[in-house]
Amino acid sequence: TWGKLQMREIIHVQAGLCGNRIGTKFLEDISQDHAIDQAGAFHGDPDLCLEKIHVYYNETAIGKYQPRAILMGLEPNTKERLRAEPISQLLNPENFVFGRRGTGENWAKGFYNDGAELMESVLEAIRKEAEVCECLQGFQLTHSLGGGTGSGMGSLLISKLREEYPDRIIKTFSVLPFTRSADSIKQPYNATLSIQHLIESADIVQLIENEALYDICAESLKISSPNVGDVNNIVSAAMSGATCCLRFPGQLNSDLQKFASNLAPLPRLHFLTFGFAPPASLASQTDHPSTLEELAQQIFDPRNIISGVNPHVGHTLTAFAQFRGKLCAKDVDEEIVKIQKRSSPNFVEWLPKDTKSSVCCMPSKGLMTSGALIANSTSVKEKFKQLARQFKAMFSRRAFLHWYFDEGMDVLEFAEAESILKDLISEYDKYQNSTTK
């Protein structure tokens, strides 16, 4: 059986409407990457596709492959939408854990009440998956910080996982709320309350911003009115690129422990930016692959960073570039050196100015060549500052707090969350401005 020598498993969990949408698209895309059809059958090159298939998949007794995924939420309509997706037949139906009513975009409902009532069922599904793992390396969560389920229940989940699996890596793909406008006026509260748990319980947080995604659709893809599917395609392409090193053979960042230790040199500053190239329609790239030079320039271009930050306004602590396709590793190293020489002032003085790079010969679906950049940059503090301003504007007037008080929260929890966010911003400022002296 393929993959038995490298069975270092990850349990994938997706929470809430947003988390389930991007998580499901991610599972669809990596199934195509690994040549797994919707029935779980394999059709591809076993040397490449199956060597590390067990990182995200279980192999059934009849030789089929099934994603090791838990789908959770409080809104029953989300479950019905997922059941209607073609990939649902590939997933374990016992791992669909959903409640009977939504959270009303309220973090407290997800963390304390409705979410807490459902959490034991979620943990039981996770335990069943963990028990059959040969060597569980950690967990991956997709969720939104703005809604009630992804933020509140997502926060509760990573707190519980940290208690129950203290030596396993927890990585999240966390979607930041809109800053210019919001689907829910309570988003600044939900996101701020979540961040304290991401600081305390997660090892790696890869940030995604809705506004950046819509900007990429409008500016790079020339889609005037992007829909959820357009946005999710971008997110999933970036996630697939960012997890390529975990899913295919290679030495650099080949498991979650190496990934975390290389990209998070400081324990609390583990909020990463990431982007993907080429920033164009997948279909249009099939016959005209991007050159290495184009890809290298594009992954460092702020316009292609789906975290919505401009790394030029901060300093880079660490960075990792992952390329896919028939590219020469030596050429990649040389191209990265060229770019670093041009942008070296953006690296902090007290760490090696070095962007690690890796090449995976297995191309992404629909593309002959592609690239992804994952970076730990102090520029993320600008997102946290925006959030802090929005939080303060509402909290100073005690706006909408009664909805949280009705669920058992008190004002001190909000004050503590605000203080923790301010401390995080100060810590980023400290390390951005520090020198080798």
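The residues of the chain are indexed from 1 along the displayed sequence.
- Within the 4.5 Å cutoff, the side chain of Leu141 has no heavy atoms near those of the Ile170 side chain.
- Side-chain contact between Phe173 and Ile208 is present, with at least one heavy-atom pair separated by less than 4.5 Å.
- Ion pairing of Glu85 with Arg21 is absent here, as no side-chain N (NZ or NE/NH1/NH2) approaches a carboxylate O to less than 4.0 Å.
- Here the straight-line distance linking atom NE2 of His54 with atom SG of Cys133 works out to 10.5 Å at 0.5 Å rounding.
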(request) Give the C-alpha distance, both sets of side-chain angles, the deciding distance and a yes or no for side-chain hydrogen bond (donor to acceptor under 3.5 Å, both in side chains) between Asn310 and Ser379. (result) CA-CA 6 Å; Asn310 184 349; Ser379 59; over 6 Å; no
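- Taking 4.5 Å as the limit, every side-chain heavy atom of Gln257 sits out of range of all side-chain heavy atoms of Gln137.
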(request) Begin from the C-alpha positions of Asn95 and Glu129 and carry the test side-chain hydrogen bond (donor to acceptor under 3.5 Å, both in side chains) through to its verdict. (result) CA-CA 9 Å; Asn95 289 349; Glu129 290 289 0; 2.8 Å; yes
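- Leu193 is listed as a side-chain neighbour of Met409, based on a closest heavy-atom distance under 4.5 Å.
- Side-chain contact between Ile195 and Leu424: present, with at least one pair of heavy atoms (C-beta onward) separated by less than 4.5 Å.
- With salt bridges taken as basic N to acidic carboxylate O contacts below 4.0 Å, none links Arg303 and Glu219.
- No option in Phe248, Phe26, Tyr65 other than Phe26 meets the ring pair (Phe, Tyr, Trp, His ring centres under 6.0 Å) test with Tyr56.
- In terms of modelled atom types and a separation under 3.5 Å, the side chain of Asn92 and the main chain of Gln66 share no donor-acceptor contact.
- From Leu387, atom CG reaches atom CG of Leu176 across 8.0 Å, with rounding to the nearest 0.5 Å.
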(request) Would you please test Ser236 and Asp29 for side-chain hydrogen bond (donor to acceptor under 3.5 Å, both in side chains) and show each step? (result) CA-CA 7 Å; Ser236 182; Asp29 283 359; 2.5 Å; yes
(request) Could you give me the CA-CA distance, side-chain angles and deciding distance for Ser174 and His143, then say whether side-chain hydrogen bond (donor to acceptor under 3.5 Å, both in side chains) is met? (result) CA-CA 5 Å; Ser174 302; His143 68 141; 2.7 Å; yes
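- Separation of atoms CD1 (Ile339) and CD1 (Ile299) is listed at 6.5 Å; rounding is to 0.5 Å.
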(request) Take Thr369 and Leu292 through the side-chain contact (heavy atoms from CB on, under 4.5 Å) test and state the conclusion after the steps. (result) CA-CA 8 Å; Thr369 57; Leu292 174 57; over 6 Å; no
(request) Give the C-alpha distance, both sets of side-chain angles, the deciding distance and a yes or no for salt bridge (charged side-chain N to carboxylate O under 4.0 Å, His left out) between Glu131 and Lys128. (result) CA-CA 5 Å; Glu131 284 169 6; Lys128 286 180 180 178; over 6 Å; no
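- Taking 4.5 Å as the limit, every side-chain heavy atom of Val380 sits out of range of all side-chain heavy atoms of Ser307.
- Of the listed residues (Phe405, Phe414, Trp403, Trp107), just one forms a ring pair (Phe, Tyr, Trp, His ring centres under 6.0 Å) with Tyr189, and that residue is Phe414.
- With rounding to the nearest 0.5 Å, the separation of CD in Gln432 from OG in Ser377 is 7.5 Å.
- Between Tyr404 and Phe111, the distance from one ring center to the other does not fall under 6.0 angstrom.
- Put simply, CG on Asp33 and CE on Met362 are 6.5 Å apart, with the number rounded to the nearest 0.5 Å.
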(request) Please test Leu136 against Arg168 for side-chain contact (heavy atoms from CB on, under 4.5 Å), starting from the C-alpha separation and ending with a verdict. (result) CA-CA 8 Å; Leu136 176 66; Arg168 297 296 182 262; 4.0 Å; yes
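- Inter-residue side-chain proximity for Thr103 and Asp114 is flagged as unmet; no heavy-atom pair is nearer than 4.5 Å.
- Within a 6.0 Å sphere centred on CD of Glu294, heavy atoms belonging to other residues, nucleotides or ligands number more than 12.
- How far CD1 of Ile199 is from CD of Gln196: 8.0 Å, rounded to the nearest 0.5 Å.
- By the 6.0 Å and 45° rule, Arg389 does not stack over the aromatic ring of Phe391.
- Under 4.0 Å is where a charged nitrogen must lie from a carboxylate oxygen, and between Arg162 and Asp203 at least one such pair does.
- His312 places a side-chain heavy atom less than 4.5 Å from the side chain of Asn346.
- Ion pairing between Arg83 and Glu80 fails under the 4.0 Å rule for side-chain N and carboxylate O.
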